[in-house]
2 protein chains.
Amino acid sequence: MESNQLTPNAVVAVDVVVFTLRPAQDIEDRWQVLLVRRDEPAFGNKLALPGVLVRGDETFDKAARRALQTKTGLDARDWYLEQLGTFGDPGRDTRGRVVSVAHVALVASDDVELAAGSGIQSIDWVPVRGLPAETLAFDHADMLRVAINRIQAKLRYSWVAFQLLPDEFTLSALRSVYSAILDPSLERLNTSNFRKAFSTLFASKTLVSVGQRASVGKVGRPGELYRFVGPITGTRTRELRWDSVRFGAVGA
Amino acid sequence: MESNQLTPNAVVAVDVVVFTLRPAQDIEDRWQVLLVRRDEPAFGNKLALPGVLVRGDETFDKAARRALQTKTGLDARDWYLEQLGTFGDPGRDTRGRVVSVAHVALVASDDVELAAGSGIQSIDWVPVRGLPAETLAFDHADMLRVAINRIQAKLRYSWVAFQLLPDEFTLSALRSVYSAILDPSLERLNTSNFRKAFSTLFASKTLVSVGQRASVGKVGRPGELYRFVGPITGTRTRELRWDSVRFGAVGA
DNA sequence: GCAAAAGTGTTCATCGTACACCCATGG
DNA sequence: CCATGGGTGTACGATGAACACTTTTGC
């Protein structure tokens with residue numbers, strides 16, 4: 001206790017729950033989380049969230065982005081990132097009193113190229129649903145649970161959905177964000193009501209048409225491309241209540 | 001780095017934002033926060049949130065309640081307490097890398113007796129509004145800001161309001177929780193609409209009449225006493241939207 | 001009786017869901 | 001021209017704000 005300094009009493013780390021949407025058979029499986037397979041003594045060979053110890057002069061935000069850079073090779077400088085909560089129960093780590101500040105990151109699954117870093121065997125995108133919780137190292141299953149709840153809630157009262165889409169996207173793509181994360185049956189919600197949920201954005205020119213059609217033509221009329229130009233920190237004036245919707249058949 | 005142990009790299013502390021409602025001239029001043037005046041070398045004589053360093057075998061929850069016990073003499077064992085967020089910018093404390101896990105606690109201002117603990121000059125309830133932010137030690141003004149937003153938001157979608165009331169209370173008292181924290185003009189919202197905001201609770205027998213009248217008779221008809229018997233973790237099915245209400249004059 | 005506050009019922013605008021219909025593209 | 005999905009407008013039921021009215025207390 002010299003020179004007014006306090007003695008460190010814990011190890012502080014950050015872990016990051018990275019969410020994205022990727023193509024999959026089932027709509028529910030489109031929502032995926034980034035997991036690494038550990039190659040270290042503690043919890044070796046177990047799946048875990050990417051994380052690092054926080055450096056002496058580093059903010060949590062910087063540490064979280066560094067974790068993604070060094071462990072998974074991802075450049076997360078511009079990604080949406082927010083603090084989720086701090087997990088510090090004694091005994092959550094066998095190597096001492098480790099306190100981990102968990103974060104959530106969202107990214108569009110465009111140009112993301114994975115590269116395993118130090119202490120990592122492999123990296124994988126894993127569907128959020130049906131993930132065997134016990135298989136995760138430490139209390140990372142708890143972190144993931146909290147992260148899932150946080151993002152599902154935020155989808156309803158904020159504009160974070162756009163963080164999971166590329167710059168230009170169709171309204172169908174936007175809808176698929178909601179259906180993958182909240183409820184697959186939203187896929188069958190009719191267009192009119194879906195658009196109305198974003199009417200305030202259209203009115204405020206925050207969600208603007210690019211004046212182009214989507215190039216990828218599967219079947220049917222291609223959708224218009226839109227661009228979200230507003231601040232993501234904004235929130236809805238009224239929360240979405242799509243839980244209670246009873247969807248009819250696929251019209252026609 | 002012996003026996004697989006990690007070396008501590010930071011000091012972990014907890015700070016607690018304790019909110020209550022207390023009698024005051026202006027409705028807005030009824031919402032108050034518990035602050036202590038420090039009597040220590042670092043930030044001496046400054047107002048701060050009560051807090052302690054986390055012990056090696058202690059959860060954050062336990063540490064937070066201990067902070068209230070040892071610093072302010074309050075028995076917070078049964079109080080509503082939740083984690084708010086973690087503040088750990090390098091340089092937020094001059095005594096080293098101190099990471100503080102901030103919490104929010106709510107308590108009914110009944111039988112709470114303050115008693116200054118070690119390192120504390122005095123303790124005071126201070127109105128949340130018009131609090132000169134610069135006067136707080138460390139980054140506690142930031143914590144308070146986040147806490148204010150958190151509680152205001154939670155008031156709209158959860159039942160935390162009841163945590164600020166004694167076991168038995170009138171609907172006027174309940175309304176005053178909302179008017180003190182959200183908007184003073186809610187005081188003039190008519191009874192009918194206010195009751196409707198709790199109709200689901202009445203229907204589910206979660207908010208039950210005690211069958212008694214409030215004893216304190218100022219003027220007018222005394223209100224019935226109610227008791228909240230539900231789990232506080234529940235949330236509203238629809239969020240309150242009392243921001244947009246335009247209140248008329250005080251009828252008649 | 002009168003003022004003040006509590007409690008009840010009803011009207012009317014607004015919001016959200018459901019539904020009907022038209023447009024654009026591929027085969 | 002038909003199947004498929006995108007896009008637009010409208011009708012109807014539910015929600016909630018506004019208002020009128022009754023009840024209970026103190027003075």
Side-chain angles (χ1 to χ4, degrees), chain A residues 27 156 168-176 178-179 183 185-203 207-226 236-252, chain B residues 27 156 168-176 178-179 183 185-203 207-226 236-252:
Chain A
I27 308 168
R156 293 199 202 88
E168 300 189 349
F169 51 87
T170 63
L171 288 187
S172 321
L174 180 59
R175 186 210 268 108
S176 78
Y178 287 86
S179 54
D183 185 350
S185 59
L186 280 171
E187 203 68 35
R188 273 169 285 147
L189 175 65
N190 65 73
T191 344
S192 179
N193 293 340
F194 182 81
R195 294 180 89 96
K196 265 187 202 162
F198 298 90
S199 56
T200 58
L201 287 187
F202 288 126
L207 185 56
V208 290
S209 168
V210 182
Q212 262 186 324
R213 290 284 162 79
S215 46
V216 286
K218 292 164 283 195
V219 293
R221 171 177 173 178
E224 266 189 288
L225 287 175
Y226 287 86
R236 288 178 170 279
T237 51
R238 331 184 73 93
E239 194 175 353
L240 283 178
R241 307 209 327 110
W242 280 341
D243 327 84
S244 55
V245 185
R246 283 164 302 286
F247 303 100
V250 200
Chain B
I27 308 168
R156 292 200 203 88
E168 301 189 348
F169 51 86
T170 63
L171 288 187
S172 320
L174 179 59
R175 186 209 268 107
S176 78
Y178 288 86
S179 53
D183 185 351
S185 59
L186 279 171
E187 203 69 35
R188 272 169 284 147
L189 175 64
N190 66 73
T191 343
S192 179
N193 292 340
F194 182 80
R195 294 180 89 97
K196 265 187 202 161
F198 297 90
S199 56
T200 58
L201 287 187
F202 287 125
L207 185 57
V208 291
S209 167
V210 181
Q212 262 187 323
R213 289 286 162 79
S215 45
V216 286
K218 292 163 284 195
V219 293
R221 174 178 172 178
E224 266 189 288
L225 286 175
Y226 287 85
R236 288 178 170 279
T237 51
R238 329 184 76 91
E239 194 174 353
L240 283 177
R241 306 212 324 112
W242 282 341
D243 327 85
S244 54
V245 184
R246 282 164 302 287
F247 302 100
V250 200

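Residue numbers begin at 1 in each chain, while the letters A, B, ... track the order of the sequences.
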*Asks:* Can you name the ring-ring contact (aromatic ring centres under 6.0 Å, His included) partners of A/Phe169, sequence neighbours left out?
*Replies:*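 Expected list: A/Phe162.
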*Asks:* Holding to side-chain contact (heavy atoms from CB on, under 4.5 Å), I want the full list of residues that pass it with A/Glu168, two or more places apart in sequence or in another chain.
*Replies:* A/Val210, A/Gln212, A/Leu225, A/Arg227
*Asks:* Quick one: B/Leu174 CG to C/dA6 C1', roughly how many Å, whole number?
*Replies:*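 That distance rounds to 14 Å.
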*Asks:* How close or far is atom P of C/dG16 from atom CD of A/Glu239, stated in whole angstroms?
*Replies:*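 Rounded to whole Å, this separation is 12 Å.
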*Asks:* If the condition is side chain to side chain donor-acceptor pair (under 3.5 Å), which residues does A/Arg175 pass it with, not counting sequence neighbours?
*Replies:* none
*Asks:* Please report the distance, rounded to the nearest Å, between CZ in B/Phe194 and C1' in C/dA5.
*Replies:* 15 Å
*Asks:* For residues B/Thr170 and B/Gly223, report the shortest heavy-atom separation together with the two atoms involved.
*Replies:* CG2-O, 3.9 Å
*Asks:* Applying side-chain contact (heavy atoms from CB on, under 4.5 Å), can you list everything that pairs with B/Ser176, at least two apart in sequence or on another chain?
*Replies:*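 Per chain and number, B/Ser176 pairs via side-chain contact (heavy atoms from CB on, under 4.5 Å) with B/Arg30, B/Ser179, B/Glu187.
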*Asks:* For nucleotides 6-10 of chain D, which of its nitrogen or oxygen atoms have a protein nitrogen or oxygen under 3.5 Å away, and what is each distance?
*Replies:*
from   : atom 1 : to       : atom 2 : distance (Å)
D/dG6  : OP1    : A/Ser172 : OG     : 2.3
D/dG6  : O4'    : A/Arg221 : O      : 3.2
D/dG6  : N2     : A/Arg221 : NH1    : 3.3
D/dG7  : OP1    : A/Glu224 : N      : 2.8
D/dG7  : OP2    : A/Arg195 : NH1    : 3.3
D/dG7  : N7     : A/Thr191 : OG1    : 3.4
D/dT8  : OP2    : A/Arg195 : NE     : 3.4
D/dT8  : OP2    : A/Arg195 : NH2    : 3.2
D/dG9  : O6     : A/Ser192 : OG     : 2.5
D/dT10 : O4     : A/Lys196 : NZ     : 2.9

*Asks:* In this structure, how many angstroms lie between the P atom of C/dT14 and the CZ atom of A/Arg238, rounded?
*Replies:*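 The distance from CZ of A/Arg238 to P of C/dT14 comes to 12 Å, rounded to the nearest Å.
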*Asks:* What is the separation between atom CZ on B/Arg188 and atom P on C/dA6, rounded to the nearest whole Å?
*Replies:*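 Whole-Å distance recorded here is 15 Å.
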*Asks:* With sequence neighbours excluded, what pairs up with A/Thr200 under the side-chain contact (heavy atoms from CB on, under 4.5 Å) test?
*Replies:* A/Trp159
*Asks:* Rounding to an integer number of Å, can you tell me how far A/Arg241 CZ sits from C/dC15 P?
*Replies:*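 In whole Å, C/dC15 P and A/Arg241 CZ are 15 Å from each other.
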